[in-house]
Every structure is written in C-alpha cells, then in structure tokens.
Amino acid sequence: MIDAYINVFSFPGILWVLLGTLVGIFIGSIPGLSGAMVIALALPATYFMNSADALVLLIAMYIGATTGGLVSATLMSMPGTESAIMTTLDGYPMAQRGEPARALGLGVISSFIGGMLAWIILATLSPYLSKLAVKFGPYEVFSMTVVALTLIAAISKGSFISGLIAAMLGAAFSLPGIDPVSGSLRLNFGVPALDNGFSLLSVMLGLLVLSQVFVDCKKKEGDGKSLSSSFSAKAAFSLKDFKNNFLNFFRSSMIGSWIGILPGIGGTTASIASYSVAKAVSKNSSEFGSGCSEGIVAAESANNAGTVGSLVPVITLGIPGSVITAILLGAMVMHDLNPGPLLFSQNPEVAYTVIAGTLAANILMLAVMWIATPMLAKLMYVDKSYLYPPIVVFSVAGAFSISGRFFDVFVMLGFSALGYLMHKAKIPLGPFIIAFILTPMAESSLRSGLVVYGGSYLPLFTRPGSLFFILVAIVSVCWVIWSEFFQRKNVANTVKKGR
Amino acid sequence: MSKMRIFGFETSFLLLSIAFSAALFLGASKLPSPVFEPLGSAAFPKAIALILFILLCLKFYFIFSSPRAGGQDKSKNGGGLLKSVGLFFVVLAYVATLSFFNVSFWALTFLFVFISVVYIKRKMRTAGLFSVAACSLLFSLLSGYVFNGLFNFGI
C-alpha cells in the first residue's frame, strides 16, 4: 500500500496525475465537452502505458473534468459538466453581483473538501468491501449486475422503459463473438471480423465521442450569458466563509460520497440532493438561488464527493455507476486487469494506486484550479467548431489502433450513428455502455451458477446476498413504474383540463 | 426541437431496434443446443432479444397512447439534421478514402480538417480561411508524426 502512494507521489506517477488533472480541468471548463468524451479519447493512448499509470491518468482526468465544470457554471451560467448544474444557481448570481473571485474560491475549496472526505471513505471502505465481495458466488455476481442495470436504467434520463431499452440494446451488442462459457463462436452473422465481437473502444468512441460531435456541430456558439470583461476570474476564499459553512462542507460531502457509491446515481443527483438538504436545513433558505455561499458549497462538495465515491463500486465490485466509471472499468479490462472483488487480491498494487491517485488528483486539482482559473475563464469562449475535426481524427486513430484494421473504425462510425439516433429519440446512452460491459459477466455468472447448482435457479432466492440484490432490483423497478404511472396520469389530467 | 421531429426519431429508432432484435433472435435460434451445461450459448441472446422486443412494443404503445402536442414549427432547427448528416458523410468519406485508397494520412487529414471546419462554420472571411488552412496543415503534420512516427499505428 505504501509503495502505491510512493509511486504516485514520485516521478513519473505525479506527472501523469498532473497531466490528467490539467486536461480534465481544461475540458471540463469548456461547455459541451464532457469528461466522458476526453477519457474515451485518451484510452488508446494508455495502451502504451503500464496499467497503474494509465488508471491514475484517467482518474485524474475524471476528477479534473468534474471540477472544471464549475468555472463556466459560475462565470457563464453554463455548466461545463452536467454535475455542475446546481452550481449555476448560486455561483452565477454571486459572480454577477461582483464577487466572482469568492464564488470560484468557494467552489474550488468545496470541491477539494468533498473530494478529500470521499477519498477517506474510498481508502477505508474499499479493502473491507472487496474482502466481503470475494465471498460472492456466481449467483451473487449475477444478481448484483441485475441490480446495477435496473438502477442505472431507472435513474437515467428519460423514462424507465427507455433506460431498459438502452440497457437491452447494449447487452445485445455485447453478445456477438466468442461465447464466454463454451468458447465457441456465435452471432457473427458470417462476418469473420466479428469473431471477437464489437470492440469496447470502438463502441465507446462512437457512442460517447463522435455522436456528441454530430449532435453539437449544429449548435451556435455563445448561447451562455457572460459577465462583463472587467471582472477578475481569480479565486479567493475567506476563513469566515469556511466557518459559516463548516457543517455544510461535511454534510454535503457525506451525502455526495454515499450517493456516489450507489450504482447509476452519480455526481449530478448527489449535488441536487445535497443542495436540497442544505436549503431545507438552512436559516437562510430564502437566499438560495440568489448567490448564497451555502448553495455553492453544497453543490460543489457533493459533486466531487460523488465522483470519488463512484470509484468504490468499480474497484471493489467491478460495477460501474456511471458512464465515466464504465470507461474506467473498460480501461481495466483493456489492461488485462480483473476489476471487481479479485482486484485487491490479484493486483493490490493497482487497487491502491487508484486510491493514491485519487488523493494526488484532488490535491493537484486544488493547486491547478487556484492558479489557472483566470486562464480557464478565457477558455470557456473557445469556438468549438475548431475542436470537432481534431476530435474526429483522434477518434479514427484511436479506433484504428485497437488492432490495426479499419473494420473497428467503421464499427465506431456505425455506433456514432446509433448514438445520434438515440440522442434524438431521447434514449439514454449510459445504460447502453454499462450493459455492454456488464452483460458478459452476468451471462458467465448465471451459466456457471447453473452448472454449480445442478441447473437449479433456487439458490438465487435462498442465498442471502443474492436475495438481497434481487429484492433491491424488484423494489427499484416497482418504485419507478409506480412513479412513472402517476406522472403519466398527471400529464393526461393536465391535457384534459387544458382542453 | 419540435415534438414531431422527436417522434420521427423515436419511431425510426424503435423500428430499427425491432429489426435488430428479430435478427438477434433468428441468429440465436441457429446456434447448437447445449450439451455440457443447462443454458447453452443461445439462451441469453434469445432472452435478451425477447425482452428487447417486448420493451420496444411497450414503448410503441406509450408513444401512440400518450397525449402529444402537434404542429410545432419545424423551421427552428431545420438545418440541424442536415448539418449533422452532412458531417457524418464527410467523416465517412475520410475513413473510406483512408481505408480503400493509398493516400497519405497527413494529406488526407489536412483536407478533412479544413473541409470540416469550413463546413461547420459556414461563413468565413478569406483571412479566416487562410488561418484555418495553416492550422489544419500544422495539425495534420503533427498528428501524422505522432500516430505514425511516434506510436507506429500504421494508419
């Protein structure tokens, strides 16, 4: 464990953390460019790195991108990343009334404190959780993946059915290639290039990067509001703000961390939940939304804590909670690691490097954000028309680099068209990616379980772990169907009244 | 974006997905039956195709049964789809030329970047065109060196 910390905090480990944090912050601060996009684009470059360095680089990008979103949220009222939505509510009004430095400073410090408190949970909880998870049998693993998929489908944008359709499509596209249990070929439809199935990188680059380029290329620049050019984008923070928000820092970070740990929920929901709680318990609740420091602290502490918290299920259970953690899981698979319960026993150096890298990225994020906010404030106005063609070139080269064949590039293009159509049809992409990654694990677990238990499904309901996960899945499905039913009823009533 | 347009996208997506689920089910039906284990390699694909089909039918039902406002203006985002589809075909042409013709990566990348920027921006002055051309050339030479010289991708 100590070795992992030494490696990360010495050369070249710290260089990867710095690079990842810088790139993540820069991309996160440009509205419209997401963390998922840059991490997916960076994946091919990590082929040439060792697994620990690669993961540290990607995690630093993840943390940097989450924090970078606060700059444009505060100065333009345009969140650079989705998880910074709640920051706009108080960050922009505070900046508008002449305190942009205070708004940025509060955001940066809150992100740092949120990240650090969540890191303590990550560092202490993960080893114990992985010890517990090692005891899981095939049915527990199967039911755990079912829970992850239902939760992700339930909470993702759009309706529950749309989420489930996306998940089933992702599962379906993961099937062609070699059968994970028997090793025989299946569903290649007579195309020899499909013998190994669709490459994860092609799917991710197509769905997350290229489809986003096609969606965004028609948008006009300068949609966001902006402050006057005379403002200072330097971050500043006072001890008074710290004292006034002491409890808020802690409470919001804890909410963010625990929500982040749950699959499928992530930083955005974490910041919404902690903002609502902060508003509910605050003496100044009427000031929320008009540039209140408590609002910025609640939103930013929680979204960074949620980001770090979301790493817990990835390294202990192998279950991604969001699109970005799904990419991180994919990166582990590409580097021949065994993500999940066995990571701590088979590759403890990698598991602890991830934890150490998170700590280093949080510390460097604070330093970079403190120094670079004036420059980031200018980056927000970059015309993205100039960035899209290079992004396409990087994606083409990345897809080609998988195995040196253009088939993967055409597959990427096919998935970009599918991603575009899904975006337009309001079908969420998150469940697709996560199901694409988890389905082989779910299938092999279920089939191994059936072999172990002599073809009986009964242990799925008699083993406590498996039963617990199945009950969680059933409850979440019932809850979502119930709430959607009432929502539809309300819409129908409103339309009737309108007539 | 008008609801009619979203409706069109939804319907096309659902029809394509139904065709895909049917192909998956038919493909799985041709797989051999299990010998050494209870489920076999066809069970999971069949189950997924079936669940997907049921979900798609449900979605169709909800689309046609839910109240929907019609007649919104289509003109607001009229050029959007065309621009996205146009860019898609520019990318497709770039990849196809790289794949089927023996063209130098940096030269084709220069052309692609220049054409795409001009296509996305639409209105540009002559000075702007020159600076885009210069930046595209620099980028293509640099990316050619990084991908083929440094990382040896062989693209």
Side-chain angles (χ1 to χ4, degrees), chain A residues 45 47-48 159 161-162 164-165 168-169 171-172 175-176 179 181-182 184 186-187 189 210 213-215 217-219 383 385-386 388-390 392-394 396-397 400-401 404 406 409-410 413 416-418 420-422 424-427 439 442-443 446-447 450-451 454-455 488 491-492 495-496, chain B residues 1 5-6 9-10 12-14 16-17 20-21 23-24 27-28 31-32 36-42 44-45 48-49 51-52 55-56 58-59 62 66-67 77 79-81 83-84 87-88 91-92 94-95 98-99 109 112-113 116-117 120-121 132 135-136 139-140 143 147 151 153-155:
Chain A
Y47 280 150
F48 305 93
S159 71
I161 288 187
S162 301
L164 280 181
I165 289 174
M168 284 301 126
L169 262 184
L175 295 169
D179 175 6
V181 175
S182 69
S184 59
R186 71 174 177 189
L187 300 168
F189 298 101
L210 277 194
V213 169
F214 297 134
V215 169
C217 71
K218 65 186 185 202
K219 284 183 187 166
D383 186 347
S385 322
Y386 298 111
Y388 295 136
V392 173
V393 174
F394 283 125
V396 169
F400 182 81
S401 72
F406 276 99
V409 185
F410 285 111
L413 276 180
S416 72
L418 178 67
Y420 181 82
L421 196 59
M422 285 174 76
K424 293 290 178 191
K426 309 272 178 207
I427 305 285
T439 301
E443 184 182 6
L446 180 67
R447 287 167 67 182
L450 282 169
V451 171
R488 275 177 194 284
V491 171
V495 171
K496 263 185 192 172
Chain B
M1 178 183 295
R5 195 175 280 272
I6 294 170
F9 280 119
E10 266 185 333
S12 335
F13 170 77
L14 293 178
L16 270 175
S17 302
F20 177 67
S21 67
L24 189 70
L31 291 171
F36 303 108
E37 46 141 353
L39 270 187
S41 57
F44 229 74
I48 286 172
I51 297 171
L52 182 60
L55 287 169
L56 292 166
L58 269 175
K59 183 81 184 170
F62 284 135
S66 64
N77 275 291
L81 177 66
K83 199 169 183 180
S84 301
L87 185 65
F88 177 81
V91 178
L92 186 66
Y94 169 60
V95 174
L98 267 177
S99 170
T109 300
F112 165 73
V113 173
S116 314
V117 171
I120 297 170
K121 289 288 289 178
V132 168
C135 290
S136 306
F139 171 77
S140 55
S143 57
F147 297 139
F151 289 125
F153 282 180
I155 191 168

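Residue numbers begin at 1 in each chain, while the letters A, B, ... track the order of the sequences.
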Under 4.5 Å from any heavy atom of chain A - which part of [X]:
{"X": "B/Thr109", "value": "side chain"}
{"X": "B/Phe88", "value": "both"}
{"X": "B/Phe139", "value": "side chain"}

- Which residue out of A/Ala171, A/Pro390, A/Ala417, A/Gly404 racks up the most heavy-atom pairs below 4.5 Å with chain B? A/Pro390
- Tell me, for A/Leu450 versus chain B, whether the close heavy atoms (under 4.5 Å) come from the side chain, the backbone, both or neither. both
- Message: For A/Phe214, which atoms come within 4.5 Å of any heavy atom of chain B: side chain, backbone, both, or neither?
- Response: both
- Task: Select, from B/Gly27, B/Ser136, B/Pro45, the one with the greatest count of heavy-atom pairs under 4.5 Å involving chain A.
- Result: B/Pro45
Do [X] and [Y] touch side chain to side chain, with heavy atoms closer than 4.5 Å?
{"X": "A/Val451", "Y": "B/Pro38", "result": "yes"}
{"X": "A/Phe410", "Y": "B/Leu92", "result": "yes"}
{"X": "A/Thr439", "Y": "B/Ile48", "result": "yes"}
{"X": "A/Tyr386", "Y": "B/Lys121", "result": "yes"}

- Query: Atom CZ in A/Phe394, atom CZ in B/Phe147: separation rounded to 0.5 Å?
  - Reply: 5.0 Å
- Does the pair B/Phe112 and A/Val396 meet the rule for a side-chain contact (heavy atoms from CB on, under 4.5 Å), with working shown? CA-CA 12 Å; B/Phe112 165 73; A/Val396 169; over 6 Å; no
